[in-house]
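When reading the values below, keep in mind they use all heavy atoms of this one structure, side chains included, and skip hydrogens, waters and symmetry mates. In this text, all values refer to a predicted model and were calculated from it rather than measured experimentally.
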Amino acid sequence: MALQEDKCPATALHIAKNWLKVLNQDADLAQMVMLVCLRVSQMMCFNRCRIYNEELTFRSTFPNLYVLLFAHSGSGKDKSLVDMKEVSPHFDDEIKVMFEASYKLKEEAIGKMAESLPSGKALEYRLTHEARLMKYQADNTATPEGLIAMRDVFSEAKFGFIHWSDSEFMDTAKKMGKNPVLDYLITIHKEAYEYGNTTGKLIKGNKKVSDIHGVPHTALLHSPIVSSDSRKIFHDFFNHGMGRRMFTIFPQDAPEQDERSIDEIRAILQEAQKEKPSMKALMQDILARVRKDMSAQYGTGEREYTLPENAVRRYLEYKLWCGNEAKKIRNRDGINEGLKREMDGRYWKMIRLACCIAAMEHDAYEIQETDIEKAIYLTDYFGDHFARFYGLDRKIDGQKIFEFIKEEGFEIPITKMVIYSQEFAEKNKAKLKSWFFDSMEIVLDICAENDEELKVLPLEKQGNGIRFVIVPKGSRNELKNFTL
């Protein structure tokens with residue numbers, strides 16, 4: 001299904017369409033939109049921006065995004081990251097400046113404290129605290145010890161975030177359940193997603209065990225497009241909590257052959273370069289908007305994004321809808337478990353995305369209802385990607401056909417051709433017939449579960465034509481049952 005651009009956040013779409021997609025022609029546009037959102041999420045998490053509302057059950061959390069991208073070969077997964085940084089270099093510069101300044105302040109504080117101590121204790125104090133200070137210069141999150149050490153440093157610093165990156169996640173997924181160290185690393189990332197907190201665990205080399213609070217994580221994991229059989233290696237990953245945390249991008253079609261002339265390509269690239277300064281300015285404005293107030297007292301000054309009344313209502317409506325939709329998903333032999341859990345918790349990643357959209361779209365430190373609507377659209381759009389990964393498109397389409405017939409069947413003549421014309425219908429004509437019968441099989445299953453029947457009525461003006469209606473089981477026995 002094509003991305004509906006009018007439902008996307010304008011800033012993210014502008015940068016994705018006029019910069020990232022131009023430089024990465026084979027990349028999916030939705031993939032590029034999410035890449036912009038992820039960059040903004042990192043800016044906000046570095047500065048410890050929070051989503052806050054007294055009424056909501058979560059009360060306060062971070063706008064951190066986790067993204068799993070399945071990409072076709074040659075779609076520019078690595079290059080697009082470089083291109084994104086090219087229009088947001090101020091963020092990378094700020095990270096360096098902040099860490100250098102913090103390092104210098106702590107180094108000076110250690111020196112002053114050591115000078116005030118007796119000579120025997122001064123050396124011991126320096127050695128102990130300078131060893132801890134060296135963690136500022138480390139970036140080793142490939143082991144539990146390194147990841148916890150970095151979280152500890154960032155917790156003390158009151159700024160910074162952990163970014164979980166894996167360019168060959170399929171290889172990683174194959175090791176899950178077989179490698180305790182890897183499993184523990186993923187557990188830390190999973191736990192930190194919720195509120196930036198992790199519980200203390202005893203690991204080799206640590207003399208003390210303590211909880212670490214308020215350090216958000218973001219994630220961008222890459223995998224090649226995998227066959228139906230190979231997808232099973234990801235099921236445990238999704239079934240045990242990552243489905244509801246991850247925005248999963250699973251493009252449907254391979255990139256089409258580029259038939260543009262060299263002159264056309266050059267003209268587009270030149271136009272993109274002209275737009276580059278304005279895009280850098282956009283990203284710089286966003287960074288300035290979410291930047292922590294450094295004039296505030298140490299440990300404060302973080303931006304809080306609140307929700308006005310209408311936004312709270314829309315969030316709660318969507319949360320209720322997610323729960324109800326999850327109840328409709330039938331768990332066939334366990335294969336739908338990941339899909340069911342993703343749907344049930346979908347609202348949780350939606351509100352984080354809505355906060356990132358708010359930071360892009362306006363100056364107010366609040367998540368407006370329009371931000372939530374755009375986030376809902378993108379979250380549901382990638383929810384369809386997630387279902388496609390599971391190979392459950394037709395099960396979902398069957399649910400949509402069931403609802404369409406039940407709601408409209410007695411109002412308008414719903415024929416096979418009417419179903420073919422719907423937005424959710426198979427677009428490949430060669431597959432349309434098999435799609436229809438597979439989907440109608442699901443409709444019959446849903447009817448059976450709900451004590452309903454799929455009936456057919458003759459069309460008044462067409463001798464052989466039929467229309468579909470759904471009625472309670474045992475009623476309207478004069479009507480013919482639909483059979484495959």
Student check: side-chain heavy atoms of [X] and [Y] closer than 4.5 Å:
| X | Y | result |
| --- | --- | --- |
| Asp344 | Cys322 | no |
| Ile51 | Ser60 | no |
| Met150 | Phe161 | no |
| Phe62 | Ser41 | no |
| Ile442 | Gln399 | no |
| Ile249 | Phe70 | no |
| Glu304 | Cys49 | no |
| Ser165 | His222 | no |

Can you see which heavy atom on [X] is nearest to which on [Y], and at what distance?
| X | Y | value |
| --- | --- | --- |
| Gly409 | Val469 | O-CG1, 3.5 Å |
| Ala326 | Lys340 | O-NZ, 2.8 Å |
| Ile466 | Thr415 | O-CG2, 3.4 Å |
| Ile367 | Pro308 | O-CD, 3.2 Å |
| Asp371 | Ala358 | OD2-CB, 3.4 Å |
| Ala425 | Ile419 | CB-O, 3.5 Å |

So how far is it from [X] [atom1] to [Y] [atom2], rounded to the nearest 0.5 Å?
| X | Y | atom1 | atom2 | answer |
| --- | --- | --- | --- | --- |
| Ile212 | Glu191 | CD1 | CD | 10.0 Å |
| Met246 | Leu69 | CE | CG | 11.5 Å |
| Cys8 | Met34 | SG | CE | 9.5 Å |
| Leu269 | Glu264 | CG | CD | 12.0 Å |
| Leu220 | Ser167 | CG | OG | 10.0 Å |
| Asp28 | Ser80 | CG | OG | 11.5 Å |

Please assess Lys79 against Leu23 for the test side-chain contact (heavy atoms from CB on, under 4.5 Å), listing each intermediate value before the final yes or no.
-> CA-CA 9 Å; Lys79 184 176 179 300; Leu23 301 179; 3.6 Å; yes
Pair [X]-[Y], side-chain donor/acceptor within less than 3.5 Å:
| X | Y | value |
| --- | --- | --- |
| Glu369 | Asn310 | yes |
| Thr172 | Asp166 | yes |
| Arg50 | Thr61 | no |
| Asn47 | Arg303 | no |

State whether the side chain of [X] and the backbone N or O of [Y] hold a donor-acceptor pair below 3.5 Å, judged by distance alone.
| X | Y | result |
| --- | --- | --- |
| Ser155 | Arg151 | no |
| Ser475 | Val471 | no |
| Gln422 | Val418 | yes |
| Asn24 | Ala27 | no |

Worked verdict on Asn64 versus Arg352 for side-chain hydrogen bond (donor to acceptor under 3.5 Å, both in side chains) = CA-CA 6 Å; Asn64 54 318; Arg352 297 161 192 266; 2.3 Å; yes
Parallel, tilted or perpendicular: which one describes the rings of [X] and [Y], with boundaries at 30° and 60°?
| X | Y | value |
| --- | --- | --- |
| Phe386 | Phe238 | perpendicular |
| His385 | Phe382 | perpendicular |
| His235 | Phe389 | perpendicular |
| His217 | His189 | perpendicular |
| Phe468 | Phe436 | tilted |

Lys/Arg-Asp/Glu bridge criterion (N-O < 4.0 Å) met for [X], [Y]:
| X | Y | value |
| --- | --- | --- |
| Asp83 | Arg39 | no |
| Lys349 | Glu342 | yes |
| Arg314 | Glu373 | yes |
| Lys280 | Glu86 | no |
| Glu194 | Arg244 | yes |

Only one of Arg476, Lys473, Lys406 passes salt bridge (Lys or Arg N to Asp or Glu O under 4.0 Å) with Glu452; say which it is.
-> Lys406
Assert yes or no for the condition that the ring centre distance of [X] to [Y] is strictly below 6.0 Å.
| X | Y | result |
| --- | --- | --- |
| Phe247 | Tyr66 | no |
| Phe159 | Phe154 | no |
| Tyr347 | Tyr318 | no |

Step by step, would you call His14 with Leu282 a side-chain contact (heavy atoms from CB on, under 4.5 Å)?
-> CA-CA 10 Å; His14 174 63; Leu282 275 173; 3.8 Å; yes
Carefully, step by step, assess Thr11 and Glu361 under the rule side-chain hydrogen bond (donor to acceptor under 3.5 Å, both in side chains).
-> CA-CA 7 Å; Thr11 301; Glu361 298 295 276; 3.1 Å; yes
Could you name each residue pair satisfying salt bridge (Lys or Arg N to Asp or Glu O under 4.0 Å) that touches residues 5-22, not counting sequence neighbours?
-> Glu5-Lys17
Could you walk me through whether Arg289 and Asp363 pass the salt bridge (charged side-chain N to carboxylate O under 4.0 Å, His left out) check?
-> CA-CA 7 Å; Arg289 194 176 300 141; Asp363 292 332; 3.0 Å; yes
Between Met279 and Lys276, does a side-chain contact (heavy atoms from CB on, under 4.5 Å) hold up when you go through it step by step?
-> CA-CA 5 Å; Met279 295 186 196; Lys276 183 179 174 182; 5.7 Å; no
Give a yes/no verdict on a cation-pi contact between Arg346 and Trp348, requiring under 6.0 Å between NZ or CZ and the six-membered ring centre and an angle within 45° of the axis.
-> no
Verdict with supporting geometry, Phe91 and Gln42, side-chain contact (heavy atoms from CB on, under 4.5 Å) | CA-CA 9 Å; Phe91 178 43; Gln42 291 173 336; 3.9 Å; yes
